[in-house]
Amino acid sequence: MKIENTKAQMRKGVLEFCILSILKNGDAYASDIIEKLKDAKMIVVEGTLYPLLTRLKNADLLSYRWEESKSGPPRKYYKLTQKGEDFLVELQTTWEDLQKAVKITTTTSKQ
Amino acid sequence: MNKTININLAGIIFHVDEDAYKILSAYLDKIKIAFSNSEGKDEIITDIEARIAELFQQKLSDKKEVVSVADVNEVIEVMGKPEDYIDEEMEEEASNNTYTSSNTYRNKTKKRVFRNPDDKVLGGVCGGLGEYLEIDPLWLRLGFGISFFFFGTGFLLYIALWAIIPEATTTAEKLQMKGERINVSNIEKSIKEELEAVQEKLKDFSKKQAPKGKNAIEKFFDLIGNLITLIFKLVTRIIGFAFIVAGVLAAIFLFTNLGGGLPDVLYNMVANGANVNITEILDTIFVSNLHTNLTLIGATLFIIIPATSIIIYGIRLLFDIKPLNHSIRVSLGSLWGISWVLLIISTIWLMRDFRYNDGVTVTQKIEPIQSDVYYLNVNKNSLSDIVDESEPFYLDLTEDAIYMDGVDLDIHKSTEGTYIDIIAESQAATRFAAKNKAENIQYNISQQDSVLLFDEYYKFPLKDKLRAQNVEVSLYIPVGTKIYLSRDSRDIIYDIKNVTNMWDHEMVSHLWEMTDKGLTCLDCETEVEITEKDTNESNFFEE
């Protein structure tokens with residue numbers, strides 16, 4: 001069992017949650033989302049994001065509109081849908097539960 | 001100095017260094033292949049391309065206009081190798097069936113034939129085909145190796161395959177080479193999927209939904225287009241397969257005949273039972289070796305090139321391969337042109353030998369007989385001593401002679417006794433040579449009491465070659481002479497004039513008498529008698 005795989009899987013589980021959270025704070029371009037995720041060291045390579053965004057969009061959690069860019073091609077400007085917001089709320093609860101659970105299990109195991 | 005290539009990425013034009021372009025296009029190909037199983041792959045790829053365009057733009061300025069290899073490598077670094085993020089994507093796809101899109105048709109990584117540069121002995125054809133068919137290339141090599149020695153057909157096929165199957169040079173092509181296995185059930189599946197896609201469109205159409213701004217009429221034409229494409233694909237594959245079979249058969253036929261191997265089965269189909277091979281036949285026609293070889297080469301090219309082209313075309317249709325490159329096509333075409341020229345030269349050369357026609361007439365006396373009827377018969381066995389054959393063909397050969405049948409016998413009224421004229425004719429380049437060849441023709445008629453025995457065959461030396469040699473026999477009998485035409489004589493009698501205008505094949509097995517009016521049947525049934533036929537018609541058949 002490779003530690004890298006486990007790490008990647010843990011990250012992957014919360015990646016969708018992170019993307020939705022970023023968008024909750026305001027609409028964003030793909031490159032903005034990438035910046036934030038990279039800063040937070042959630043993703044290593046950018047390619048990972050695009051299939052994910054498409055998938056979230058196909059599941060109606062996200063929508064987008066085209067915006068012209070001063071320099072470069074027009075960009076997709078992503079926005080949370082109502083469904084996406086509900087989804088996020090649920091994920092939020094799950095995340096908090098998980099956090100508690102992890103905290104409890106890790107602290108008890110220390111004792 | 002470096003060449004740059006202009007590319008359009010997300011609607012923006014970039015000048016890309018040639019080497020950088022190669023890396024970039026291989027990278028994008030890999031991404032396409034990696035995502036070919038995913039929902040919305042087009043969208044993902046568009047997004048990725050847009051992002052790459054954005055990254056490029058950040059790297060370019062007024063002073064730096066060309067995207068370099070380093071730039072591309074950096075961008076690839078940032079975007080990540082497809083392998084890095086495909087795995088999780090695939091997993092997700094596999095376990096996730098909740099996303100129901102209208103597009104249920106998923107395009108699997110299409111497997112294609114390439115020559116395998118990593119596993120090759122000659123051109124990597126077997127390696128590549130082995131990869132394609134998922135069998136050990138060793139067996140293919142063995143098969144080809146054996147067929148090299150057999151009739152050489154394998155060689156032809158190998159060269160054809162080598163010429164048309166492209167080599168897998170890029171990573172994307174190597175991936176395609178190893179792509180999803182293709183077998184019968186797979187082909188069936190892909191056809192089914194295409195059918196389903198068409199049906200889906202049909203459903204969409206019947207619901208009169210018009211998503212993506214397409215109206216019903218446009219959708220209808222889309223549907224028709226899809227159906228036509230599907231049918232076309234099916235038909236081309238069937239035709240492709242048939243072409244390969246036809247081409248290979250043609251090649252085998254050619255090689256077996258020219259190689260002298262000559263399996264009787266194949267040959268007899270064509271030559272209708274003749275037990276001679278091509279070289280023997282050529283030997284009966286051409287005087288010089290040069291002429292023979294010229295004709296052989298001409299004929300070989302004349303047949304082999306279309307056969308090869310047909311095989312190549314078949315393989316192209318079957319495996320969806322690009323057309324041959326220009327220079328190969330041009331050289332094949334000019335070789336075929338040369339074969340025409342050779343055959344034309346050969347024909348003209350040969351025609352010189354048919355310029356003059358001359359003949360000799362030999363008169364043979366018929367002895368008077370005791371009885372009053374001559375029996376006309378054919379010596380069916382005249383050849384069986386010489387040529388070992390159950391069913392003689394119209395032309396037969398021994399080591400130094402040619403035997404032909406097709407003697408034409410006619411019966412005329414005579415004013416001075418009973419005799420036979422044997423007219424032998426031949427053609428040649430000069431009148432003298434023609435006469436000479438005519439004199440060389442031997443034809444025998446023997447008389448045993450009242451029986452006139454005509455040989456079925458006439459004979460001339462092999463060195464005279466086939467030069468339209470012909471033998472016409474005229475039997476002259478005075479009025480009052482009776483003659484019985486035996487059943488076998490139907491093989492030699494030719495348009496004998498008679499008062500009842502009967503056909504040759506009706507005349508045999510009857511007794512005839514020469515009268516003032518001509519030959520009259522003595523034992524024919526009256527119904528058979530025809531009063532007077534149209535004279536034009538009988539003249540026509542006399543020709």
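Numbered from 1 within each chain, the chains take letters A, B, ... in sequence-line order. A quick note: this is a predicted structure, and the numbers were derived from the prediction, not measured.
Atom CZ of Phe56(B) has more than 12 heavy atoms from other residues, nucleotides or ligands within 6.0 Å. Within a 6.0 Å sphere centred on CD of Glu85(A), other residues, nucleotides and ligands contribute more than 12 heavy atoms. The local environment of NZ in Lys3(B) is sparse, with at most 12 non-hydrogen atoms from other residues, nucleotides or ligands closer than 6.0 Å. Residue-environment remark: NZ (Lys59(B)) exceeds the threshold of 12 foreign heavy atoms within 6.0 Å. Within a 6.0 Å sphere centred on CD of Glu90(A), other residues, nucleotides and ligands contribute 12 heavy atoms or fewer.
Note that the CZ atom of Arg51(B) and the CZ atom of Arg75(A) stand 8.0 Å from one another [nearest 0.5 Å]. Distance CD/Glu46(A) to CD/Glu54(B): 9.0 Å, rounded to 0.5 Å. How far CG of Asp47(B) is from OH of Tyr64(A): 7.5 Å, rounded to the nearest 0.5 Å.
Between Val78(B) and Lys38(A) there is a side-chain heavy-atom pair separated by less than 4.5 Å.
Looking at Thr54(A), Leu52(A), Leu49(A) one by one, the single match for side-chain contact (heavy atoms from CB on, under 4.5 Å) with Ile44(B) turns out to be Thr54(A).
Within the 4.5 angstrom heavy-atom criterion, no atom of Tyr29(A) approaches chain B. For Ile45(B), no part sits under 4.5 Å from any heavy atom of chain A, backbone or side chain. Heavy-atom distances place the backbone of Glu77(B), and not its side chain, under 4.5 Å from chain A. Residue Ile34(A) touches chain B through its side chain alone, counting heavy-atom pairs closer than 4.5 Å.
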